[in-house]
Amino acid sequence: MHHMDVQVLEKALEWAREGETLWFCTVLSTWGSSPRPPGSLLVACARGEYVGSLSGGCVEEAFITALVDGLLDKPVQCVDYGASQEEGQRLHLPCGGVLRVMIERRPADAEWLTHLEVLHATLLGQRRLVRLVTPASGRYRVELDEQASGPVVEEDATRIRVRVGPALRLVLAGISPVATFCAQFAHLAGFEVIVCDPREAERRAFDVPGVEVQNVLPALFIASGATHGATAIVALTHDPRLDDPSMIEAVRTDAFYIGVMGSLRTSRARAERLKRSGGLDDEDIARIHMPVGLDIGSKAPAEIALAVVADIVRAFRALAADETRPDDVLPA
């Protein structure tokens with residue numbers, strides 16, 4: 001899940017604590033092209049204010065209009081946006097896409113508040129849960145996700161299962177010009193970004209809104225258990241005192257992407273050094289992208305950072321493609 005979904009849960013908690021009734025939306029499936037994958041979240045209140053995204057376009061407008069007009073008064077209902085050709089054109093869904101959304105109307109009671117707190121903690125933590133929603137009764141609950149893989153959303157005649165896991169996280173081991181651009185791009189792409197650097201001067205010069213900065217050696221942060229399977233770990237300083245220990249600790253985690261900056265020559269030397277003094281074997285070395293990033297001939301810091309973030313997204317999408325169908329077909 002993306003960091004945008006963390007923001008959705010934080011706003012949902014804020015409104016629920018203020019006693020607001022919420023309309024909690026989950027993308028269930030897409031047919032054709034859609035900007036937001038199954039499992040994506042949006043929350044709205046009775047005033048028509050909302051946080052999150054369903055399509056990045058007119059679907060949100062259609063949803064808010066229906067909410068304000070009082071048409072979304074059931075505890076749970078599933079709506080297909082763009083099912084007709086006319087509606088698809090009106091909503092500007094790309095490539096004739098259809099978006100199926102579960103819309104839950106939830107009063108701000110103690111049970112719902114606790115449920116939101118559990119979901120929020122799950123996105124920031126390491127365990128995976130499954131939301132189970134029964135549209136006919138409106139009931140909901142969570143249970144531990146025992147599956148190693150599978151579709152994010154499953155829907156049958158009586159129940160909807162939504163897998164909820166940690167939000168995409170990028171840990172940047174050390175601050176550099178490339179790391180600064182990388183933090184900006186990754187944050188815009190929906191990652192939770194954490195930068196670790198014990199050097200005061202570098203931290204003082206680093207200013208990227210929405211990015212967490214930790215005054216700690218990157219290797220210590222990585223070894224602390226602050227990563228999970230939806231984490232990418234990247235070292236972009238050219239300083240082996242920061243980069244090498246970070247890589248040694250990174251390969252001991254479940255991170256889906258590990259990379260370090262350097263030329264082919266530097267990378268070969270680093271691989272030998274990590275084997276010799278770091279105790280890594282060939283399997284460990286194979287997990288590290290070095291040189292890091294897509295090969296686009298990048299030279300300037302912003303270009304290198306763009307290549308890095310693009311490669312991380314590529315790797316994540318490839319991983320997700322192994323776990324779910326690319327375009328879930330609407331249920332009959």
[X], [atom1]: over 12 other non-hydrogen atoms inside 6.0 angstrom:
X: R127; atom1: CZ; result: no
X: E283; atom1: CD; result: no
X: R241; atom1: CZ; result: no
X: D295; atom1: CG; result: no

Charged N-O contact under 4.0 Å between [X] and [Y]:
X: E20; Y: R47; value: yes
X: R270; Y: D244; value: yes
X: R203; Y: D197; value: no
X: E200; Y: R204; value: yes
X: E143; Y: R141; value: yes
X: D284; Y: R252; value: no
X: K275; Y: D281; value: no

Spell out, yes or no, whether [X] and [Y] are grouped together once hydrophobic residues are joined by side-chain heavy atoms under 4.5 Å, including indirect joins.
X: V153; Y: V130; value: no
X: L188; Y: L236; value: no
X: V178; Y: V309; value: yes
X: F256; Y: I222; value: no
X: V292; Y: M290; value: no

Side chain to side chain, [X] and [Y], heavy atoms closer than 4.5 Å:
X: T266; Y: S263; answer: yes
X: L132; Y: R159; answer: yes
X: F24; Y: I103; answer: no
X: L67; Y: F63; answer: yes
X: V98; Y: Y81; answer: no

Can any side-chain N or O of S40 pair as donor or acceptor with the backbone N or O of P37 at less than 3.5 Å?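 Checked: pair present.
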Are any side-chain N or O atoms of R273 and backbone N or O atoms of P240, one a donor and one an acceptor, separated by less than 3.5 Å? no
By the definition side chain to side chain contact (heavy atoms under 4.5 Å, CB included), identify the one residue from L170, V211, V208 that meets it with V195.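 That would be V211.
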The single option from V43, L41, T122 that satisfies side chain to side chain contact (heavy atoms under 4.5 Å, CB included) with L9 is L41
Any chance the rings of Y140 and W112 have centres within less than 6.0 Å? yes
Over 60° means perpendicular and under 30° means parallel, so tell me whether H289 and Y257 are parallel, tilted or perpendicular. parallel
With no hydrogens and no angle check, do the side chains of H115 and R131 hold a donor and an acceptor under 3.5 Å apart? yes
As a quick check of understanding, evaluate side-chain contact (heavy atoms from CB on, under 4.5 Å) for I285 and L274, giving each step before the final call. CA-CA 8 Å; I285 296 299; L274 291 175; 4.0 Å; yes
Verdict with reasoning, R169 to E212, per salt bridge (Lys or Arg N to Asp or Glu O under 4.0 Å): CA-CA 11 Å; R169 178 175 295 172; E212 179 181 343; over 6 Å; no
Would V76 and M102 count as a side-chain contact (heavy atoms from CB on, under 4.5 Å) if you check the C-alpha gap in whole Å, the side-chain angles of each, and the deciding distance to 0.1 Å? CA-CA 7 Å; V76 181; M102 175 173 64; 3.9 Å; yes
Go through the steps for I160 and C78 under the test side-chain contact (heavy atoms from CB on, under 4.5 Å), then give the verdict. CA-CA 10 Å; I160 294 170; C78 297; 3.8 Å; yes
In sequence, state the C-alpha distance, the side-chain angles, and the governing distance for E155 and S29, and then conclude on side-chain hydrogen bond (donor to acceptor under 3.5 Å, both in side chains). CA-CA 9 Å; E155 180 179 4; S29 59; 5.3 Å; no
